[in-house]
Amino acid sequence: MEKPTLPKGTRDFGPAVMAKRQFILNSIRGVFQLHGFQPLETPTMENLSTLTGKYGDEGDQLLFKILNSGDYLKDVDQSKLNTKDSKLITSDISEKGLRYDLTVPFARYVVMNRHEITLPFKRYQIQPVWRADRPQKGRYREFYQCDADVVGTDSLICEAEIVLMIKSAFKSLGITDYTIKINHRGILAGIAELVAANEKESSLFVAIDKLDKIGEEKVKEELRIRGFGEKGLTTLFEIINFKGTTQEKVEFLTFRFATSEKGQKGIADLKQVFVLLKSYNTTEDHVEFDISLARGLSYYTGCIFEVKINNVVIGSVSGGGRYDNLTQAFGSKEKLSGVGISFGVDRLYDAMEELKLFPQEVNASSTVLISHFDEPSMNYGLGVLQTLRDKGIASEIYPDSVKIQKQFDYANKKMIPYVIVIGSEEIKSQQLTIKNMKTGEQEKKSISEIISFLTGN
RNA sequence: GUGGAUGUAGUUCAGUUGGUUAGAAUGCUAGAUUGUGAUUCUGGAGGUCGCGGGUUCGAGCCCCGUCAUUCACCCCA
């Protein structure tokens, strides 16, 4: 028989992995709720018309499309079929696709439910998304995103709170060595004006975003190929190579952007965000104003964020920014500004695994296993089991009458810290043996003593 | 979409210039112990060497194809 396999880029999550994933998910969910965000879920599939055109040409190609049900070729024009050009007929044979991110479905939801949403609307969403690219390290075809977005306000308090939420989430995850990079599309636009990028803005942004990865020379090389002149390149690197404190960068750019309206706006926004952070009584630790941060998604218009964990070779674990026009793509006449952040659970997992940051406890399943020497003691154990569960102690009984070694092995494998041993002596004396599986120590206690021992009361 | 690497036991891997019956560790399983494990000892099961073809007297090893996994590019969480 053929061995079953998984589709490329997808994974099963066994109990040990799930325990750790849920630790991450619960931590992030807790942070979102603490900051006043409410949950939202949207369908796995969306109409293709909802998804296409929102992520650029590259993004459209990475959409998973769902074949129409039934006789999907029936109504396709024969001449189109004869061309054998699959792009021509995709719109005829597929009208649904899997969601590519959580922001676009959220925008769709806001437009559809505008009448019952109170602005500003703060929602969080934790669901898998799908992308049809080729998997590699830290890149999957199915992965989870944890998004928190606010729509309906231009307030930069939202930007500041994004920084706070990132800090708070990383604190509860135990990640200490990381950098929140922050920049502004206005600043990038200002740079583009200065180097006369004109129509080539996006290739300029893509190239400078790679600066810390491939280095100055390679970026220059790429930009020359894209048709940028030496004069522009000199100006560009004068700006993005500027080193200094946030304060110094702001002053430097204010000077350079004297004639750029967009650039000035970017500086003013960022300045304000840093002022607000101060009002929150938080430090600027981990926060870095990075002039070369660009981010690919074209819908960002204001501040942009990206979070990297240091000393781990993995892409960014979190990213986000402000977008002014997203709901307009769905025919909203009202201009709703939104700003959001997304955590990539799978990358956080990989990074935390590599840095050995998962607490030992997350693996524990039950607290107690009830083991027994014979059938009468197994039956007696059932009553004990129920008593423990009534007190909220996660517990289980070994369901077969087998030798004690096997029951202990089971407890060890499931990392159950305590085993209660029941035999004829225990039944007679009403004193059960409780064993600490780590130290091997054991003592006899009554059920009520065991309960107060395990619950710590 | 483009390029590289790797496919041998459940798992991690050895396997000589191509030579007889493909090994180890670990895990699994049964027993030294009829009330005590992770750390003793002994036995047992488990492999169409990814798949298909070719070269050869002979292929796990060489050649071609194919599939899978993985890394990088593009792009992205």
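Side chains are part of it too, since the values below use all heavy atoms of this structure and drop only hydrogens, waters and symmetry mates. Chain A is the first sequence line, chain B the second, and so forth, proteins listed ahead of strands; every chain is numbered from 1.
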Pairs under 3.5 angstrom only: tabulate donor-acceptor contacts from the side chains of residues 402-409 of chain A to other protein residues two or more places apart or in another chain.
unit_1, atom_1, unit_2, atom_2, d
A:Q407, OE1, A:H372, N, 3.0
A:Q407, NE2, A:H372, O, 2.9
A:Q407, NE2, A:V402, O, 2.8

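- A salt bridge links A:K181 to A:D212: one of the charged nitrogens lies within less than 4.0 Å of a carboxylate oxygen.
- If you take CD of A:Q405 and C1' of B:rG37, they are 7 Å apart, rounded to a whole angstrom.
- Residues meeting the ring-ring contact (aromatic ring centres under 6.0 Å, His included) test with A:Y398, sequence neighbours left out: A:Y410.
- Among pairs with a residue in residues 342-352 of chain A, those fulfilling side chain to side chain donor-acceptor pair (under 3.5 Å) read A:R11-A:D346, A:R21-A:D346, A:Y140-A:D350, A:D147-A:S342, A:Y349-A:E353, at least two apart in sequence or across chains.
- A distance of 6.0 Å or more separates the ring centres of A:Y144 and A:F343.
- Residue A:F343 is classed as having no contact, given no heavy-atom separation below 4.0 Å to the nucleic acid.
- In this structure, the side-chain contact (heavy atoms from CB on, under 4.5 Å) partners of A:L385, at least two apart in sequence or on a different chain, are A:I370, A:R389, A:S395, A:I397.
- A close approach under 4.0 Å does not occur between any side-chain nitrogen or oxygen of A:K308 and OP1 or OP2 of B:rA77.
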One character per nucleotide, please: for nucleotides 65-71 of chain B, 5' to 3', B when the base has a protein heavy atom closer than 4.0 Å, S when only the sugar-phosphate does, - otherwise. ----S-S

Result block: side-chain N/O donor-acceptor pairs under 3.5 angstrom for residues 36-46 of chain A, not counting sequence neighbours:
unit_1, atom_1, unit_2, atom_2, d
A:T42, OG1, A:Q125, NE2, 2.9
A:E46, OE1, A:R108, NH1, 2.9
A:E46, OE2, A:R108, NH1, 2.5

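- Residues passing the ring-ring contact (aromatic ring centres under 6.0 Å, His included) test with A:Y109, sequence neighbours excluded: none.
- Atom CZ of A:R131 is separated from atom C1' of B:rC75 by 10 Å (rounded to the nearest Å).
- B:rC61 and B:rU6 have their C1' atoms separated by 15 Å, given to the nearest Å.
- Base contact: A:S424 has a heavy atom under 4.0 Å from a base atom.
- Nucleotides B:rG3 and B:rG50, compared at atom P, are 24 Å apart to the nearest Å.
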Which atoms of nucleotides 25-32 of chain B (N or O only) lie under 3.5 Å from a protein N or O atom, and what are those distances?
unit_1, atom_1, unit_2, atom_2, d
B:rC28, OP1, A:K413, NZ, 2.5

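- B:rU17 and B:rC76 have their C1' atoms separated by 48 Å, given to the nearest Å.
- A gap of 12 Å separates the P atoms of B:rA5 and B:rC64, to the nearest Å.
- Residues passing the side-chain contact (heavy atoms from CB on, under 4.5 Å) test with A:Q136, sequence neighbours excluded: A:R139.
- In this structure, A:F305 has no ring-ring contact (aromatic ring centres under 6.0 Å, His included) partners at least two apart in sequence or on a different chain.
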Dot-bracket line, read 5' to 3' along RNA chain B, where crossing pairs take [ ] and | marks a partner on another strand, Watson-Crick or G-U under 3.5 Å: (((((((..((((.....[...)))).((((.........)))).....(((((..]....))))))))))))....

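- Here A:F143 lies parallel enough and close enough to stack on the base of B:rA77, with planes under 30° and ring centres under 5.5 Å apart.
- Not counting sequence neighbours, the partners of A:S337 by the side-chain contact (heavy atoms from CB on, under 4.5 Å) test are A:D154, A:R322, A:D324.
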